[in-house]
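Report on one structure; see the data block that follows.
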Amino acid sequence: MSCKFNFSAGPAILPKKVLLKVQTELLNWQNSGMSVMEMSHRGKEYAPIIENAELNLRKLLNLPNNYKVLFLQGGAVTQNFMVPMNLLNSKTASYVISGYWSKRTFNDAQPFSGINIAASSESINYTKAPEVKTWDYKKTDSYIHYCLNETIHGVEYFDDPNIKNIPIVCDMSSTILSRPIDVSSYGVIYAGAQKNIGPAGLTILIVRDDLLDFADKKTPSTFNWKTQSENNSMINTPSSFGIYVAGLVFDWIIDSGGLQAMEKINIKKSNYLYDFIDSTDFYINNVDNQNRSRMNVSFTIHNDELLADFLSGAEKNGLFGLKGHRLIGGLRASIYNAMPYEGVVALVDYMKEFKDNH
Ligand SMILES: *Cc1c(COP(=O)(O)O)cnc(C)c1O
């Protein structure tokens, strides 16, 4: 059976329309006689591609003028090091730990001194994200880091933090563009593209321009946000094809009604799946109602021994990528923007059938 619906956490499903457009343009982009992959990133053909991608991203997020957009490489994890390099400025920083990714971010920052924990939900197995009002940070911190959506544990924050005076740095890799956010609540937002934006190899970073002046002198130019910003993300060759595909995804979101429309359908999709899980004792999700991720639904079956059967049966039904992360096992359905409602319905139909047969 071929793949009907891809529930992988990342690299992940892309809108079919976007893939078809890439296919049509692959060999000859708008009569340029070239593929986008073959173009000089500094050429006249490529310039509108990156410019429009940035403009449309600004439009979607309603970005204020004092925010810069950078198209970087190295994935979200590279920012674990770049954030302190660019922002710590020999001071302290506080990290909120709400799941695997934010813990990894904290661990990766350990070579720097002054890295503290503001709050952690590790002792409750990340079933609830530490509430903003419990975050213990210092007034003199150079920033507070947290992760808006924990892709492995399926734990998401839904309110923008209302903290003034200390820049908030946020890993939005797996939830960016799934709903409107108030960008002015954040100093820095970053996201690996391969969840909700486009192909792997591109990292988007949005930074308030007054935060560009604090990089450690030893920061290499490719890692220095200010240098990258001054060079329009082209201090070296950017992920040119990735930026092109991301631009098509932004067009697709705008044509689909923007982030309000994304939020509406994402609520509908995730509610449908959680409501079904909650209606049985067969499937289990232990995440607090307030933090249940709309993008990554982590769940398991009451009896572990059924997991392998569940997964092989799912693939026979064209439902792929449902295996939970190797660290926590179980199952996970990633239902990003590009996953149609019908995909979630097909998954729930299969889950019902599997339950009835076991
Ligand atoms: C996928 C993911 C990452 C890792 O991204 P890479 O691009 O592989 O470095 C980091 N944080 C979150 C929240 C993620 O979902």
Side-chain angles (χ1 to χ4, degrees), residues 6-14 70-86 95-110 120-122 126 129-130 143-158 160-161 168-179 181 186 188-206 222-223 225 228 233 238-239 241-243 245-246 249 266 270 287 291-298 321-328 330 332-339:
N6 175 7
F7 293 92
S8 294
I13 187 170
L14 283 167
L70 305 182
F71 296 102
L72 304 175
Q73 301 184 56
V77 166
T78 295
Q79 293 305 322
N80 292 353
F81 195 78
M82 284 170 78
V83 167
M85 279 301 269
N86 280 277
Y95 283 66
V96 178
I97 298 177
S98 57
Y100 170 83
W101 288 112
S102 50
K103 179 158 189 205
R104 182 161 167 184
T105 304
F106 169 76
N107 287 341
D108 282 353
Q110 291 312 308
S120 171
S121 53
E122 187 170 10
Y126 304 122
Y143 62 90
I144 300 170
H145 182 281
Y146 83 115
C147 175
L148 199 58
N149 181 57
E150 284 285 354
T151 318
I152 294 176
H153 291 91
V155 177
E156 185 163 1
Y157 281 95
F158 292 101
D160 298 305
I168 305 286
V169 178
C170 190
D171 177 356
M172 295 196 188
S173 293
S174 52
T175 185
I176 191 164
L177 303 179
S178 69
R179 54 186 161 96
I181 49 162
Y186 302 91
V188 179
I189 291 168
Y190 64 91
Q194 69 273 24
K195 285 36 186 278
N196 240 350
I197 294 177
L202 168 67
T203 310
I204 303 247
L205 186 124
I206 296 166
T222 46
F223 286 178
W225 299 338
Q228 284 285 16
S233 310
S239 172
F241 192 75
I243 295 167
V245 180
V249 171
N266 287 328
S270 53
V287 178
N291 295 123
R292 281 176 152 187
S293 170
R294 288 183 196 146
M295 294 287 103
N296 310 96
V297 180
S298 280
L322 288 162
K323 194 170 193 237
H325 191 274
R326 62 197 143 80
L327 285 176
I328 64 168
R332 169 173 54 170
S334 295
I335 48 177
Y336 298 118
N337 284 345
M339 175 62 67

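For ligands, and for the atoms within them, numbers begin at 1 and follow the listed sequence.
- In this structure, CG on Asn149 lies 10.5 Å from CE on Met172, to the nearest 0.5 angstrom.
- The only option from Arg292, Arg294, Arg179 that meets the salt bridge (Lys or Arg N to Asp or Glu O under 4.0 Å) definition with Glu156 turns out to be Arg179.
- A distance of 9.5 Å separates CZ of Phe223 from CG of Leu72, quoted to the nearest 0.5 Å.
- For a heavy-atom separation below 4.0 Å, the residues in contact with ligand 1 are Gly75, Ala76, Val77, Trp101, Cys147, Asn149, Thr151, Asp171, Ser173, Ser174, Gln194, Lys195.
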Taking only distance into account, with no hydrogens and no angle test, what donor-acceptor pairs under 3.5 Å do side-chain atoms of residues 74-82 form with protein atoms, sequence neighbours excluded?
from	atom 1	to	atom 2	distance (Å)
Thr78	OG1	Gly74	O	2.5
Gln79	OE1	Trp225	NE1	3.4
Asn80	OD1	Thr105	OG1	3.2
Asn80	ND2	Asp108	OD2	2.8

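- In summary, the side chains of Asn266 and Tyr336 do not present any donor paired with an acceptor at a separation below 3.5 Å, with no hydrogens or angles considered.
- A perpendicular orientation is assigned to the rings of Tyr143 and Tyr95, their planes being inclined by more than 60° (bins at 30° and 60°).
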